[in-house]
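Since the structure comes first, as structure tokens, the remarks are kept for the end.
Labels below follow one simple rule: chain letters A, B, ... track the order of the sequence lines, proteins then strands, and each chain is numbered from 1.
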There are 2 protein chains.
Amino acid sequence: MTENKPPMDPRGALDPASCTCANLRKAARAVTQAYDDALRPSGMKSTQFTLLAALAKLGDMPLTKLAEVLVMDRTTLTRNLKPLLGKGWVGATRDADQRVRRIALTGAGRQAHDTALPLWRSAQSRLVGRLGPERWSGFLGDLSEAIAATQER
Amino acid sequence: MTENKPPMDPRGALDPASCTCANLRKAARAVTQAYDDALRPSGMKSTQFTLLAALAKLGDMPLTKLAEVLVMDRTTLTRNLKPLLGKGWVGATRDADQRVRRIALTGAGRQAHDTALPLWRSAQSRLVGRLGPERWSGFLGDLSEAIAATQER
DNA sequence: GGTCATAAGGTGTATATGCACTTATAATAC
DNA sequence: GTATTATAAGTGCATATACACCTTATGACC
């Protein structure tokens with residue numbers, strides 16, 4: 001095909017009102033509030049559930065590795081872990097390599113995760129249902145693609 | 001050929017790895033960093049550019065109204081305005097109704113916006129180009145739809 | 001006109017986010 | 001075997017985000 005021209009303005013793509021970043025952040029705010037609201041009975045926020053779920057699925061790992069997986073700044077993760085450490089939901093141990101801080105889910109952490117799971121499912125299925133599975137699936141793929149686009153070069 | 005990427009079934013949709021909120025936030029982090037990086041020479045961050053652009057397009061308005069437009073908590077906006085007030089890019093005046101704080105772009109603010117605009121365009125066109133205008137357009141629509149989904153009910 | 005509900009806004013607290021800089025440990029060079 | 005470099009992590013600072021609670025100004029009601 002012959003569409004490798006420099007970016008034009010297909011649908012006001014160069015109008016700040018169409019800013020991908022602003023619209024992404026706006027959606028993140030709105031959706032985060034919906035999920036936080038659903039998770040409220042569990043005493044945790046969306047970000048915290050995300051961390052527990054990642055550890056539950058991937059197992060314990062060094063802090064930097066976890067930050068990479070989450071596409072999150074290392075220092076952000078350090079601070080996001082604080083409330084979880086305080087609640088005893090995660091533990092941190094020094095590795096053989098004394099520089100490495102290995103992060104792991106505790107028993108209480110797994111229990112908290114399991115408690116929150118049905119609440120999360122409620123919020124998730126509501127949103128998936130509202131978008132429709134087909135559109136939702138494409139949406140998730142677009143999010144991944146947007147991330148990939150920023151990671152290259 | 002179409003079942004190893006994002007889960008299409010409602011079943012896969014209920015795996016926390018497919019969390020819409022987590023993936024949205026992840027993408028927001030990644031894309032924000034890309035835009036912040038592009039905007040760095042202007043001395044402003046993506047969030048700040050978004051505020052200036054909204055005021056430039058919509059004109060001055062009460063704080064609460066602006067927060068509504070941006071789907072942002074009122075108190076978040078209060079604090080996000082602080083650095084802009086400090087730089088003299090926006091001004092705040094009391095309305096006839098003394099409760100209302102009207103937010104407006106200053107001359108310096110418009111100038112800062114105009115300076116940042118080409119930097120923003122660079123980041124935006126790079127991302128739109130990587131996704132392709134067609135896919136990007138659908139992506140933006142999905143973001144709006146996700147927001148709408150959280151606002152109803 | 002006084003009482004009271006409502007609407008606009010601010011503050012306290014807590015978490016989320018990332019850059020610049022620093023510290024501690026390991027690996028490598030010589 | 002020490003000097004250098006590279007890696008993992010933490011801290012200081014600034015901004016972003018929102019809930020709970022408080023203050024003040026309007027407007028409605030009698």
Side-chain angles (χ1 to χ4, degrees), chain A residues 21-22 24-41 43-52 61-68 70-87 89 92-103 150, chain B residues 21-22 24-41 43-52 61-68 70-87 89 92-103 150:
Chain A
C21 182
L24 247 173
R25 293 182 69 89
K26 198 199 303 185
R29 284 193 296 271
V31 171
T32 298
Q33 268 183 282
Y35 278 65
D36 278 356
D37 196 51
L39 287 173
R40 197 148 291 141
M44 75 180 72
K45 309 186 83 181
S46 306
T47 38
Q48 304 176 348
F49 177 77
T50 301
L51 291 184
L52 296 185
M61 69 181 81
L63 186 145
T64 294
K65 181 74 183 169
L66 184 55
E68 259 170 41
L70 299 169
V71 192
M72 178 182 286
D73 189 89
R74 184 181 49 74
T75 67
T76 298
L77 179 56
T78 294
R79 277 145 194 179
N80 287 358
L81 285 173
K82 265 190 185 151
L84 301 183
L85 287 162
K87 285 169 175 157
W89 289 345
T93 55
R94 288 290 162 177
D95 219 80
D97 182 337
Q98 290 289 304
R99 294 171 301 181
V100 175
R101 197 172 174 225
R102 186 163 280 266
I103 310 298
T150 65
Chain B
C21 182
L24 247 174
R25 294 183 68 89
K26 199 198 304 184
R29 284 193 297 271
V31 171
T32 298
Q33 269 183 282
Y35 279 65
D36 278 357
D37 196 52
L39 287 174
R40 196 148 290 138
M44 76 180 70
K45 308 185 83 180
S46 306
T47 37
Q48 303 176 349
F49 178 77
T50 301
L51 291 184
L52 297 185
M61 68 181 82
L63 186 145
T64 294
K65 183 71 184 171
L66 183 56
E68 259 171 40
L70 298 169
V71 192
M72 179 181 288
D73 190 272
R74 183 180 49 77
T75 66
T76 297
L77 180 56
T78 295
R79 276 146 192 181
N80 286 359
L81 286 173
K82 264 191 185 151
L84 301 183
L85 287 162
K87 285 170 175 156
W89 290 344
T93 55
R94 287 292 161 178
D95 219 81
D97 182 337
Q98 290 289 304
R99 293 171 302 179
V100 175
R101 197 172 174 225
R102 186 163 280 266
I103 310 299
T150 65

### Task
Report yes if a side-chain nitrogen or oxygen of B/R101 is closer than 4.0 Å to either non-bridging phosphate oxygen (OP1 or OP2) of C/dG10; otherwise report no.
yes
### First of B/T47 and A/Q33 reached from the 5' end of DNA chain D, by closest nucleotide
B/T47
#### Entry: side-chain N/O B/T78 vs C/dG10 OP1/OP2, d < 4.0 Å
yes
### Task
May I have the distance from B/D73 (atom CG) to C/dT13 (atom C1'), rounded to whole angstrom?
14 Å
### Query
Taking any atom under 4.0 angstrom from a heavy atom of chain B, which nucleotides of DNA chain D are the first and last to qualify, 5' to 3'?
D/dT15 to D/dT26
### Query
Is there a side-chain polar atom (N or O) of A/Q98 under 4.0 Å from OP1 or OP2 of C/dA26?
no
## Note on the structure
Rounded to whole Å, CD of A/Q48 lies from C1' of C/dT15 at a distance of 8 Å
### Task
Check every strand shown and say whether A/R102 touches a base, only sugar-phosphate, or nothing at a heavy-atom separation below 4.0 Å.
nothing
### Task
Please work out if A/A96 contacts a base, only the sugar-phosphate, or nothing of the nucleic acid, heavy-atom cut-off 4.0 Å.
sugar-phosphate
### Whole angstrom value for the distance that separates C1' of C/dA20 from CG of B/D36
15 Å
### Task
Figure out the CE/C1' separation between B/M44 and C/dG18, and round it to whole Å.
19 Å
### Interatomic distance where CG belongs to B/L39 and P belongs to C/dG18 [whole Å]
16 Å
### Task
Calculate the interatomic distance between A/D95 atom CG and C/dA27 atom P; express it in whole Å.
11 Å
## Note on the structure
Whole-Å distance, A/R99 CZ to C/dT23 C1', equals 12 Å
### Query
Are any of B/R25's side-chain N or O atoms less than 4.0 Å away from OP1 or OP2 of C/dT17?
yes
### Task
Describe the nucleic acid contact of B/R29 in one word from base, sugar-phosphate, nothing, applying a heavy-atom distance below 4.0 Å.
sugar-phosphate
### Nearest-Å distance for atom pair CG/P, residues B/L77 and C/dA8
14 Å
